Structures are given as structure tokens and as C-alpha cells.
Amino acid sequence: MALNLRQKQTECIIRMLNLNQPVNGTGTANEEVYKILIYDRYCQNILSPLIHVKDLRKHGVTLYFLIDKYRKPVHDVPAVYFVQASQQNVQRIIADASASLYDSFHLNFSSSIPRTLLEDLASGTLNSDSIQRISKVCDQYLEFVTLEDNLFSLAQKNSYVQLNDPKAGDREIEEIIEKIVAGLFCVLATLGVVPIIRCPHGGPAEMVASALDQRLRDHLLSKNNMFSEGGNFVSSFQRPILCIFDRNFELSVGIQHDFRYCPLVHDVLGLKLNRLSVQGETGGMKSFELDSSDPFWVVNGWLEFPEVAVEIETQLNKYKKDVDDVNRRTGGTNGAEFDGTDLIGNTKHLMNAVNSLPELTERKQVIDKHTNIATVLLGEIKERSLDSYAKKENDMMVRGVIDRNELLGTLKGKGSKMDKLRFAIIYLISSETINQSEVESVEAALRESEVDTSAFQYVKKIKSLNVSLASANSASRSNIVDWAEKLYGQSISAVTAGVKNLLASDRQLALTRTVEALVEGKPNLEIDSYLVFDPRAPKSSSGGGSSHLKGPFKEAIVFMIGGGNYMEYGSLQAHAKCRQPVKHVIYGTTEILTGVEFVEQLTLLGQKMGLGNTGAPPSSTH
Amino acid sequence: MAMKSAQTSFRDRTQEFQSVVEKLRKSHSSGSGPNGQSSSSKSDEQRSAVALQSEFNRRASKIGFGIHQTSQKLSKLAKLAKRTSVFDDPTMEIQEMTAVIKQDITALNSAVVDLQFLCNNRNESGISSDTTSHSTTVVDDLKNRLMSATKEFKDVLTLRTENLKVHENRRQLFSSTASKDSANPFVRQRPLATKAAASSSTSPPPWANGSPSSSQSFPRKQGDGESQPLLQQQQHQQQQQQQQQMVPLQDSYMQSRAEALQNVESTIHELGNIFNQLATLVSQQGEIAIRIDENMEDTLANVEGAQGHLLKYLNSISSNRWLMIKIFFVLIFFLMIFLFFVA
């Protein structure tokens, strides 16, 4: 059974709205109970991609408020709270209970509420003598945002900066790791699986993996665990694999320009929580929603942009043809014989035509929406010549070299400051050796365009420190390449792999390659050094019959610490689909970042390291 | 939804909470005395509001329950309407149920209108705006559900009408052949119709013969016409043996069918009226695709914009020395005029 995270989260939320009683077949209770929903900002972000107001109405929710807002009493109505477990929220709940705003309070915390806060809540409500109003307190373990069926994010800001901050102390890093582990635990609890965890050595990935393993073990030992998956399926065929990576594993993906529809919309127009605001054709801002309920988006979201334009064209023509068809049918029967005995037949024709009108209107709306988005995108692309950036960056990553004149020409040409900075950083990552003079000319060109070079300096520094940016060469491997790598390290393999990949049309990301290797389970040089954690296995038996832990898996959960984006997600999904048999991959990250946002984080790091810039303040583009 | 019974992804902390409360209560048992009085005074003033609200809630839940029951009856009716065949037609049942459901829907409709009336009247007696919007939303939701139930009812009736029409067509076709070929083809009987041999003159099963006139258009119905002649024969054997009396039987049958058809059509018409009434009352517009965070951002942006403008204006006013001087001059000017012309 494929794991569908979005569906599971929606089910959990609906159950919560149903006052935590199981939902029966029709989805409504016999005795109608109308309730009020109250949430905080984080939980609002969780709810808005999943549930719309009309779904809320279906489940009996009449009003919905932010917890910070000033609310007035609505007596005799139960209230469902869905908030994070924080001191502030608990204080507000106590205030609400004391003021008797609602009849009964069903409190749901998005993750586990710590004992101290529970005691605070108890003492607060006891003091105001409103303890009888609190009817339920639950931990929902839903502290993550699901954007699509297989895409989730923990919405934890600036995790890359915090983890790589040179001045960060041990305690701060531990706190961040704790938060990430809590989020991952919620995801696993919602899916109801205990996966096998694999991660590369060192870095935040290993810390997160071992902390998560520990937490899962503790939880499984407690008597009320949430992972009773029917029996003792220790066979790894049923369990998915959880692969944890750090952003430094493949830095280029976070920065690159991509030319497919979905990453373009996210990067250029700022898609947040499946929602997009663009300048309408008639002026004024319009906001659209792009998720799995939009048929055009589902089918064409991963095509390259020119093909998308063609698709819109064909859809528009098809729509026009259908409209003419309907017109003909209804217009024609007016003149036909209108005998009384066939009254019902005629009305049926008319009714069919009328019923098809809403569907046609919907189709037209979808086409209009995408035409609007595509037009705005086209404007941006032309202005910033994003297609040439995407192509050149792709070439650089594949071949590893770029003509110097071309490089400088691009840096001096069209494009926003951020585009140039990103291009320069990709150049830095992709080139196998640091050619000092070229780098200096690049820096000069950047300074000319008044670009803040802190991020560039930062990447230069960490590259010189030999932090493994493993995917500078992200092509498929062969024996020669393996041998070359063993002898000479990555630099030569970049060249040979680049030659190989001239034939391959689609560049495979290092992440995809690694995940494929992990899922396949065949012995592979790259991944053999990866750590394995199995929370279900007793602690003593490590090593020994653990071959099944590396066997082929059917499902995988990939987690990227520090920031992911739609490009990675897209390539993982495309790859999973064309495997035989079809594998199923869920992709998650601490937060979904556009290239600009990620480079801003790099800039922050560069500034913290004191590698400052020589001039203009960081440009804010958005 | 098939959820495994043991698989829950949430933890109920209510027990823990209660135990914490008990512990705290024991340690605070002395200090909880004076708190009791303040809460009782608060509850006095809320009692009237609560009473009105609970009246509203009671009626709303009754209506909701009624709608639920009606939809269950509707699904039964739909099943009945679908499975009618040419002769085994539970006309009586269907008509009964239709009448009952129609009564239910009319009663629910008036109850919803009353509820709305109560809700509107209540809004004058100092109740919070949140309560008002809650009540309005509840009433709207009930109206929506009643309207969808009515729509379903209409669909079922349309389906039934269609079925009746089809049956009538069939009957017309076959009864017309019966009147034409009365003499010849009834000699050829099927082996199943041995019982009918005795009364072969009385019960012509026109479906049994491969009569060339009508059957080509209904080849499938020949197939299930096999079983039906048997029923028909039994029916007739029970009642009459004369062919002459066949015709009045068919006639009365057709009459009852025509009546049923007319009933259905009048019901549809009345439903249409109810429909219109509901449609004018229901506001379906804005909630189709609203996201939870939509209005928030708009109002936030608006409020921030307004605040910015106000701040700018405040700055311009407060730091405007020229304004004060101008006002001063105007005052002096009027004073001078006053002095000159009066004094």
C-alpha cells in the first residue's frame, strides 16, 4: 500500500475535527454538533493547503479563528483548539477558559505537550475554576506541512544557517537537532511506520539519525506505542527506508536555475503553501491555488516551460471546440419538433447541456489561470534571460568546464543580481579545480554589477576546506569511473563522467543516484559506508544478520536537512516512476527554499564568518 | 475508512491531565473556597444567553437529524425506483414513500425558516457578534443540506418518471400487437407455457412468439420477457379466464400507471417551488474555494496600509509649524475685523 502522506494527514485532521471520535462511513455524525476551530499561525500553515472552508463546513465547523485574535464568547458550543505546545498558547487557552468563551474545550497540540506545560495548564484552569470546561487534551503529532501527496516540510526557518554557523554552540545545535527529530517523529507517527534509517557519516545527518533512532526505540518500548503495524513484520520488504541527507551533500541543487514549470513558478513567482499571487492581466493582484485539485497542474507541472505553453494552447482549442459543440446541440433542438410526448427527452437534452456548463466554466477558469501565470513567467524569463542561465548552469554541472568568455559574458549580461550571484556560485561548485585568475575575474565582474559577494566567498571557503560537495559530478557511474575515483579522488571522475554524460540527456542528481542505490540494496561503493539504524532491532544485535536491512525497498522517505526545493522533489519523483517495479518516494525537508532564499542564507553565513563584501548591501529580491 | 483499530496517531493525554488536576487540587484544597462565589455570579448573567443559545442549538440539531433521516429514506426510495420492472412494480410503496418524503421536506423547510426567524430576532438582545455569525452559519448549513436533499429527491423522481415512460412504451408496443394478431400466432406456445395451454385463448403472451412486428426493437426485453409471461399467466389465471376481461384489466392497469405518472409530475412541480424558495434563501457564493488564510492576509495588508497612512498624516500634522502660524494669523485677522467694525 503506497504511503500517501497528504491523505493521512487530512484523515487525522478530520478525525480531530470530529472531536477525536472515529469517523463513520458518511463522514458525519448522527447528532449534528457544530463547533468552532481555533488555531495558531503554525497550525494555520498546516491546515490551509489541506482543508478549505467548504470542507470545514462539511464537518460542522462554523467559525475559525486565530488564537491571538480578540474573540467574543459563543456559548454552548464546543471549541476545537489546534495549536503548538508553547507557553504563550497555553496562557491564551487559560485566559479563554477563565472567560468562558465557549462551552467545552477540546485541546489538540500539534506535537507532544511537555509535562511542565500540562501542569501550567492545569494550575491555571484550576485557579480560575474553569477546569470542567476542558474536556479533552490530545497530542496530535501533526507538526509538519504537507504540500503534495509526497512532499512535506517542517517549516523550520533558517536551519541551514543555524547548523553551519561557526559560532554556534553545542547546546544550540542540539536544540535544532531536537526540533528536527520531533518533526520527523510526527511524520513517522502519522504514516504509522518504523523505517530503517540510513545516512552518510558525519554532519547533522548522522546526529539527526541517531537521535531519531533513540527516540523511536524509547517510544516502541513504552506500552502505548503508535506503531503497531499488524504483527511482527520484520521483513524489510514491508518497511520503508528513511534516508537523511544534509544540504552540503549537494549544494548546487539549492542554488540552480531550473526551467521546468513547477520549479520556475516557485522560484520566480514565489509559490508559498500552494498559493501564488501574480499581477493580473487587467492589473491588480490575483491569487491562485496550485495543487492536486488543478488538473492541468497535475499533468503538466513538470514539463519544460515551452512545452507548457504549447499545452495551454491545445487545451484552449479543445475547450473552444467543446463550447461550439454545446451551442450547436442546444441551439439546434429549439427548431426541432417539440412534441408533448417527448417533453422529457427534450428537457433531458437541455439539462445535459446545462449540467455540462459548470464543467466547461471550470475548465475555462483553469486555462485562464495558467495563461495568466505563463504570461507573467514569460515576462520575467525574457527580462532576466532565465533560459540561458538554466542551460548554461546545466552545461557547467555536466561538463565541469565553461568557456571563460561565456562565463564573463553572462555575468555582465542580463539578469538580476541574485541570478548572477547564483551563476557564479554554480561555476565555483562545478569547476573541479579553482583557477585563481578566473575566480578573481569572476569576483571583479560581480563587484561591477554591485552584487554582494559574501555568499560567493563562503562557498569558496568551504570548498577550499574540502567539505565534500559530492555532486559536482552528477552523472552515472561505470567501472572506469570507480577506479578513477579510488585513485585520484573526485576531480578526474568529473572529467570522465562528464564525457559520459554528454550522451545522457537528463542529468541525474547525486541525491537521486544515492537514493536509488540505497533503495536497490546492491553493494555499491558509495553507500557502503553509510550508517544503518533499525529502531525495531534490539540494541545488541548489530552487524550480524542485517543483510535484510539493505535489501531492496519498495518505499522510501528522503529527508534533506537545511532546505530543499521542487527541483529535487521533481527529479526524485520522475526517477521513482520509471523504475520497474514502480517505487514510491516521499520527499521532505526542513523548509522549502527558492534559490534566492538559499543564497540569502549563504550570504548570512558569509557575513558571520566575516568574509564580508566590499560594497553594496545585500539586494532583496522577491 | 478502513483504519486498523490499533493504529492511532494521536495520544490522548486527558487522563494524565486529570491526574495532574487532582494532584494540584489536593494541594490547593484550602484556597479554592472563595473562588466558587465569583464563578456563580458570572454564570447568572450568562444564563439567559446560554438558554437562548441552547434553544437554538436544540432546534438546529433536531432539524439536522430530520434531514439525515430524510436522506436515508431517499436512498431507499432511489433503490426502489431503480429496480422496477414491467410488472413487479411496487407502485403503492413508491407512492407512499414519495408522499411521506414530500411531507418531511415541507416540514423541514418551514422549520428552517422558523429557525432563521428566531436567529434574526435574537440578534437584538446583546449577544456577541461571534455568536451571531455562528448562528447564521448554522442556519446556512442546514439550508444547504436541505437543498441537496431536495435535489436528490428531484433526481429520484425524474428517474422514476423515465422508468415509467419506458415501461409504458413497452406496454404500448406489446398491447398493440396483441390487438392486431389475435388469431394466428398463439398456436405456437413455449414448453414453459404448458399451464397456459388450458387458457391459451385467454392469455396471449405476445412476448413469447417471435412476432415479426414489434420485437426487433426490443431484443433484450424478449430475453427477460421469458419470465414475465409466466407471471402474467399466473396473474390472469388467478383472476379471469376470458380474453374479453383481459382488456379491461390491461386498461385499469394502464390507468393506474397514468395516474402514477401524473402524481410524479405534480410532485416534481411542487418540489420545484420549494426549490426556488430555498434557492433565494441560500447564499452559496463565497465559500466555494476560500482558503483558511485568505481573508487574514488581505485584512492584514489593508490594516497595515491604513496604519501607515495614518502615521504619515500624523507626522505631517504634528510637525507642521506653518499650520500653527497660519491658524494664528487667521485668528488675528478676524479679531482685527471684529475690533474695527464693532468697536
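So that the names make sense, note that chain A is the first sequence line, chain B the second, and so on, each numbered from 1. Here the structure is a predicted model, which is why all the values come from computation and not from measurement.
Heavy-atom proximity under 4.5 angstrom to chain B picks out nothing from residues 102-111 of chain A.
No side-chain heavy atom of A:Lys58 sits under 4.5 Å from any side-chain heavy atom of B:Asp141.
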Check the pair B:Asp130 / A:Phe65 against side-chain contact (heavy atoms from CB on, under 4.5 Å), numbers first and verdict last. CA-CA 10 Å; B:Asp130 283 354; A:Phe65 298 118; 3.7 Å; yes

Stepwise side-chain contact (heavy atoms from CB on, under 4.5 Å) check, B:Val20 with A:Arg115: CA-CA 10 Å; B:Val20 170; A:Arg115 181 87 187 181; 3.3 Å; yes

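With a 4.5 angstrom heavy-atom cutoff, A:Ile113 touches chain B via backbone and side-chain atoms both. With a 4.5 Å cut-off on non-hydrogen atoms, A:Ser135 touches chain B through its backbone but not through its side chain. Residue A:Leu118 touches chain B through both its backbone and its side chain, counting heavy-atom pairs closer than 4.5 Å.
Around CD of A:Gln132, the count of heavy atoms belonging to other residues, nucleotides or ligands within 6.0 Å exceeds 12. Counting non-hydrogen atoms of other residues, nucleotides and ligands closer than 6.0 Å to CD of B:Gln18 gives a total above 12.
Using modelled atom types and a 3.5 Å distance limit, the side chains of B:Thr137 and A:Arg57 yield no donor-acceptor pair. With hydrogens and angles left out, the side-chain atoms of B:Asn57 and A:Tyr34 include no donor and acceptor closer than 3.5 Å. Defined by atom type and a distance below 3.5 Å, a donor-acceptor pair is present between the side-chain atoms of A:Lys72 and B:Ser129.
With hydrogens and angles ignored, the 3.5 Å screen pairs no side-chain donor or acceptor of B:Ser133 with any backbone N or O of A:Leu63.
Atom CD in A:Glu119 sits 11.0 Å away from atom CZ in B:Phe17 (nearest 0.5 Å). Between atom CD1 of residue A:Ile131 and atom CD of residue B:Glu22 there is a gap of 9.5 Å, rounded to the nearest 0.5 Å. Taken from NZ in A:Lys54 to CG in B:Asn144, the straight-line distance is 12.0 Å, to the nearest 0.5 Å.
Taking each heavy atom of A:Ser123 and B:Leu24 in turn, the nearest pair found is N-CD1, 3.6 Å.
Interface summary for chain B: among A:Ile36, A:Asp55, A:Val77, the most heavy-atom pairs under 4.5 angstrom belong to A:Val77. For the options A:Cys138, A:Ser293, A:Ser112, heavy-atom pairs under 4.5 Å to chain B are most numerous at A:Cys138. Interface summary for chain B: among A:Leu121, A:Thr125, A:Leu142, A:Val137, the most heavy-atom pairs under 4.5 angstrom belong to A:Val137.
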